[in-house]
Amino acid sequence: MKICYLPGDGIGPEIMAQALRVLDVFQSEGMKIEREEALLGGAAVDATGEPYPPATQQLARAADAVLLAAVGGPKWDVLPRPQRPERGLLGIRKDLNLFANLRPAVLYDELKNASSLKPEVVSGLDILIVRELTGDIYFGEPRGITVENGKRVGRNTMIYDEDEIRRIGRVAFEAARKRSKKLCSVDKMNVLETTQLWRDVMIEISAEYPDVELSHMLVDNAAMQLVRAPKQFDVIVTGNIFGDILSDQASMLTGSIGMLPSASLDENNKGMYEPCHGSAPDIAGKNLANPLAMILSVAMMMRYSFADETTATRIETAVKKVLAAGLRTGDIFEEGMQRVSCTEMGDAVIARL
Ligand code: NAD
């Protein structure tokens, strides 16, 4: 396994260090892992003047998988846009053609009080949102603000071709196959022709996956159902803009951003794996960050890029055991639990592994 890892900024290096310790365990057991560090985001701007420098491009392209912690911080927010850390993030996603974004929203039973919903509504929640990441109204042309007949007009274009829909659809059906074989495709086919095509193509490819039960839901209803009865979903597949909104909504059902990993994949299951949270500059350098989203990103990497379900489950089980033992970093702390640092949380996961 050739892994390129990018610690990035803020709490990034602290949480990445814990993820690397997890890889150390597997390496000591004989797993063949080659890993190389590279710069992305603010750290890259400081060292080279660019947020996604050529040396990082080379390593990321040559790797089988990329592990990213987080980028960004107030220090770089004053720079011209092309030099901002976020450009590095968009740059690497585009460069590696990572069109499929997988975001699980899992509520660990031990953390059910962290959700804003009633425990009985969310307890046992485990859903996966598959979002198309490189098309839709975010990239469609024409776009822009123009003046027409003396008035300003804003314009964006919602567009998908059938190949784009088919490739994200296949990722979602494959993911559903590895879970409970239920896939819900979210669209707005009653109003938007682009999403009528989306639904038509989803139905066409469902013939290739007779073992997966496909259903459809309009996006407004999906938003409502996600807070009314989220456990009715297993895997959801949707376009870029709907997925942007629904995946944030779903992740917040779990109430703890420090727990949520994500994967962004290309057509060959090469992927970039990263926590859903940012670089948390407010707690950077204090050994306070929750490293679990980063460690769970390693589990996703094992599952999706290396098809190693056993190792993925082993990491996830270790994390569950640590939570069951009452260990909590500050972001998920509750009265009666044991407050631990970032490195102590890492120690605890390693011990369970
Ligand atoms: P954030 O996710 O970094 O932080 C939001 C809040 O959650 C903060 O209070 C932070 O302390 C807390 N938090 C986040 N992750 C945590 C963890 N692992 N453990 C404990 N607490 C945690 O979001 P923000 O403050 O809006 O953004 C900070 C910087 O991160 C900005 O520069 C932003 O652009 C960047 N950002 C990067 C990514 C990414 O790299 N993918 C994503 C979002 C934001």
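Given the structure is predicted, the values throughout are model-derived calculations rather than measurements. What's counted below: heavy atoms across the whole structure, side chains too, no hydrogens, waters or symmetry copies. Numbering of ligands and ligand atoms starts at 1, following listing order.
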Sub-4.0 Å heavy-atom approach of I11 to ligand 1: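 Distance cut 4.0 Å: I11 passes for ligand 1.
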
Heavy-atom gap A293 to ligand 1 smaller than 4.0 Å: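 False for this residue.
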
Aromatic F333 / basic R339 pairing, under 6.0 angstrom, 45° off normal: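 Yes, R339 lies over the aromatic ring of F333.
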
With atoms numbered from 1 as shown, which atoms in ligand 1 lie under 4.0 angstrom from a non-hydrogen atom of [X]?
{"X": "E274", "result": "41 (N)"}
{"X": "I283", "result": "11 (O), 20 (C), 21 (N)"}
{"X": "G73", "result": "32 (O)"}
{"X": "A70", "result": "40 (O)"}
{"X": "G278", "result": "1 (P), 2 (O), 3 (O), 30 (O), 36 (N), 37 (C), 38 (C), 42 (C), 43 (C), 44 (C)"}
{"X": "A289", "result": "19 (N)"}
{"X": "E86", "result": "32 (O), 33 (C), 34 (O)"}
{"X": "G72", "result": "32 (O)"}

Heavy-atom nearest neighbour in the protein, as seen from atom 17 (C) of ligand 1, with distance rounded to 0.1 Å: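 Checked against all protein heavy atoms, atom 17 (C) of ligand 1 sits closest to N290 N, 3.7 Å.
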
[X] to [Y] - nearest heavy-atom pair and separation:
{"X": "R167", "Y": "T134", "result": "NH2-OG1, 3.4 Å"}
{"X": "L183", "Y": "A172", "result": "CD1-CB, 3.8 Å"}
{"X": "G41", "Y": "D9", "result": "C-OD2, 3.7 Å"}

Heavy-atom donor-acceptor pair, S206 side chain to L214 backbone, under 3.5 Å: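 Judged by distance alone, no pair lies under 3.5 Å.
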
Test item: E132 side-chain N/O and N240 main-chain N/O as donor-acceptor pair under 3.5 Å: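 No: the side chain of E132 does not pair with the backbone of N240.
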
Geometric class of the W198/Y160 ring pair [parallel <30°, tilted 30-60°, perpendicular >60°]: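 Ring orientation, 0 to 90° scale: tilted.
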
Residue that, paired with L6, satisfies side chain to side chain contact (heavy atoms under 4.5 Å, CB included) out of L59, L89, I92: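 The residue from L59, L89, I92 that satisfies side chain to side chain contact (heavy atoms under 4.5 Å, CB included) with L6 turns out to be I92.
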
